[in-house]
Amino acid sequence: MNDAQGKGAGGDALARFVGVDKSYDGQTLAVRGLTLDVAKGEFLTLLGPSGSGKTTTLNMLAGFERPTRGTILLAGRPVDRLPPYQRNIGMVFQNYALFPHMTVADNVAFPLSVRGVAKGEIAQRVKRALATVQLEAFAGRRPTQLSGGQQQRIALARALVFEPSLVLMDEPLGALDKKLREQMQIEIKLLHERLGLTVVYVTHDQSEALTMSDRVAIFHDGEVEQLGQPDELYDRPRTPFVAGFIGENNLMVGTVASLAGGLARVMLAGGIEVMATPAGALAPGAQTVIAVRPEAIHIAASAGGENTMPAIVRSRIYLGDHQRLLTEISNRLVIRVKVPAATHAAQDAPILLSWPAADCLAFPSAGLADVTLNEEWTRS
Amino acid sequence: MLLSPYATLLDRVRVFALLAFCGVVLAFLVLPIFVPVPLSVNAEAFFTFPLAGFSWRWYDEVLNSTQWREAIWHSLVIAIGATLLSTTLGTLAAVGLNSPRLPARRAILAILMAPLVVPVVITAVGAYLFYARLGLASTFTGIILAHAGVGSPFVVVTVSASLTHFDDALFRAALICGARPLTAFRRVMLPLILPGVLSGAAFAFVGSFDELVISMFLASAQQRTLPMQMYVGLREHLSPAITAAATLMMSLSIVLLIVADRLRSRR
Ligand SMILES: Nc1ncnc2c1ncn2[C@@H]1O[C@H](COP(=O)(O)OP(=O)(O)OP(=O)(O)O)[C@@H](O)[C@H]1O
Ligand SMILES: [Mg+2]
C-alpha cells in the first residue's frame, strides 16, 4: 500500500494530464484544470457524482475527445494528435460494447487481427485470454447468448488480449447486480495484480473505489477535489464534499470561536460548543463545517468530557453486528451514531453523546455545493 | 375488432362505411397494377377482356426480339450502375450525417433529399442541360449519374434508420482495439447496418429500373431503356408485348421490395 504513494508521485508516470480543460460547448467546462499522473502498475480510480467529468477524462485519455486546453502525455510523449487506434490502450465499456455479429472468439481476436498478427498466434492468444477469464468453453457463442457477467469478462479479455500498456474501464460493473459486481471486483483486482496492469477505473460507487484502488481521484464539478489512497481519503478528507462523499459523515455548519493548541473551538447553532481539528486554514469568526463519522461517536456515561452533549434517541436500526441510532441534540439537529449491537438505547431515551476532538474535522466552508448537511429532526 | 361489444347501430354504420371506403381506395390503387397481367397471356393482340385464350407469345416477343432485349440490357446496366453508385454515396452520406459533430446537418440532409420533392421533370431538364455541357448527355455515364442522384435519398433514409440502432460505443470499441476508421467501418459498422444498406439498394435499383422521365431526356436510341421501349411501343404500335414487359418489370420490383422489407424488419 505504501508504495502506491511513491508510484503516484514518481517520475515513471505512464499517463499524465497537464492543465487539461475540456469544454463541449465552448462555455461550460466539463473538466477543469486537470493535472494528474497515472503511475505504471497502479490502479487509479476516478470517483465522483454523475456529471463530474469522469467519462470525459477517460475519453480524453482514450483519444475519443480532445482537450480544449492543456496536454496529455502517454509514456512521456504528448498525444494530442495521436488517434485512439494508435494509443495501444485497452478499454472496457459500461455496456460491454461487444460486437454482436461476431463470435466470442472473434471479438477477442479483433484487436490482434487488426494488428496483423498471424492466424496461428491469434488462435493461441485468444485461447489464453479466454482461459484468463475462465470462458474457454464459450468461444463459439455469440455475445447475446451470454449472461451479463460473462459478457463483461469477454470485454475484459478483448481489452487485455493485445497486452496494452494501459487499461481503461468506464463503470464496467454498472449493469451487474450487487453479488456479481462484488465477484467481478475481486476478479478485476486479481487480474490487475497478476498481470501487473495499469488501470484507470471510473465508478460512482465509493465502496467499489475504496476496495479496488491504489489511489482514488475524487471528481467534483469537473475538478479533482482530492487525490489519495483510500484510507487517506477516508481519514483525512480535505473538503466537506470529500468528507460527505467518502463513507458517512455528520456535517454541521458552525463558527470558529477561537484557535488554540492545534484545535478549533467551534460554536454550532443553539450555542453548542465543539472542539475540532482544523482541516485547512481557519480564522476566528469564520464559518466552518465540522465533520464527525458515526463510528467516532460513542455513548458517554457521565457529562463533562470532551465534546459531550445530551441527546435523545429518535430511531434505532438494528444491523446484526452493530446498530445505528438517529439522535436529536439540543439544537434539534439529527446526529447519526454507530454503536455496538449490545448497547441498550430505548426509543426517546435521553443519552449522552461524545466524540474525541481528534476525530472531528473542521473545514473552511468555501464550497458547500453538493454537501449534504445534517438536518433538523422533524416529528412525523 | 373495430366494434366495441356495445356498438350502437350508428357505430355499425360508421365502421361499415370506413371499411367500404378503405376497400375502394385499395381497389383504385392496386387493381390498375394488375390489369396488364391477364392481358400479357392473352392469345390475341387485343387489349380487351374477356381473354381469347392462354399464350406465352408476348413474353416470347419481349425476350427474343433484339429491340426488347437491348432495352432490358440497357436498363439492367443503368440500374446496376446507379445502384452501386447511390448505395455507396448514400451510405457514406448517412454515416456522415449520423455524426453529431457535423455542422449544418439539417441543411445538408435537406439538399440530399431534394430529388424526392423536386418534380422529376425539373430534375430531368436540369440534368439534360447540365450534362449536355459536360458531354454526358446521351451516354450511359450520364444516365447512371442522374439516376444515382435520384436513388441516393432512398439509401440515406434506410441507412440512417439502421444507424439509429447502431451503438456508437461499438465504433469506439473498434478504434481503441486498434482498428483504423475504415477498418472499423468495414468490420463492425457495415455488417451491422447491412440490412439498411441492402434495402436502400433495392429501392435505388427499382427506382432506376422503372425510371422514364430522366431517361427520355438523357438517353438517345443507343441507350433506350425498358420503360422507354414500352412508352415508345405504346405510342407507335400498340402491342400486348408491353403488358408482358410490364408484368416482368412489376414482378422484379415486387420481389426486390419484398426483399428490402424483409431486410428492414430483420435489422
Ligand atoms: N458529448 C457531450 N456533449 C456535450 N456535453 C457533454 C458530453 N458528454 C458529457 N457532457 C457534459 O460534460 C459534463 C461531464 O460529463 P461526464 O460524462 O464526463 O460525467 P461523468 O462523471 O462520467 O458522469 P456519469 O457518472 O453520469 O457518467 C456533464 O455536464 C455532461 O453533461
Ligand atoms: Mg460517465
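This one's a predicted model, so the numbers in the text were calculated from it and none came from an experiment. Residue numbers begin at 1 in each chain, while the letters A, B, ... track the order of the sequences.
- Side-chain N or O atoms of A:Glu42 include none that pairs as donor or acceptor with a backbone N or O of A:Asp214 at under 3.5 Å.
- If you measure heavy-atom distances from B:Arg101 to chain A, the contacts under 4.5 Å come from the side chain alone.
- Residue A:Asn88 does not touch chain B at all, counting heavy-atom pairs closer than 4.5 Å.
- Proximity to chain B involves both the backbone and the side chain of A:Phe64, based on heavy atoms less than 4.5 angstrom apart.
- If you measure heavy-atom distances from A:Leu98 to chain B, the contacts under 4.5 Å come from the backbone alone.
- With a 4.5 Å cut-off on non-hydrogen atoms, A:Gln94 does not touch chain B at all.
- Chain B forms the most heavy-atom pairs under 4.5 Å with one residue out of A:Ser113, A:Ala159, A:Ala155, and that residue is A:Ser113.
- Applying the 6.0 Å contact sphere to CG of B:Leu182 captures no more than 12 heavy atoms from other residues, nucleotides or ligands.
- A:Phe162 carries A:Arg115 over the face of its six-membered ring, with the cationic atom under 6.0 Å from the centre and within 45° of the normal.
- Under the 3.5 Å distance criterion, the side-chain polar atoms of A:Arg32 are matched with a main-chain donor or acceptor of A:Asp221.
- Ion pairing between a basic and an acidic side chain is recognised when a charged N comes within 4.0 Å of a carboxylate O; A:Glu65 and A:Lys22 show such pairing.
- For chain A, the nearby parts of B:Ala174 are the backbone and the side chain; heavy atoms of each come within less than 4.5 Å.
- Judged by distance alone, with hydrogens and angles left aside, the side-chain atoms of B:Ser160 form no donor-acceptor pair with the main-chain N or O of B:Val157 at under 3.5 Å.
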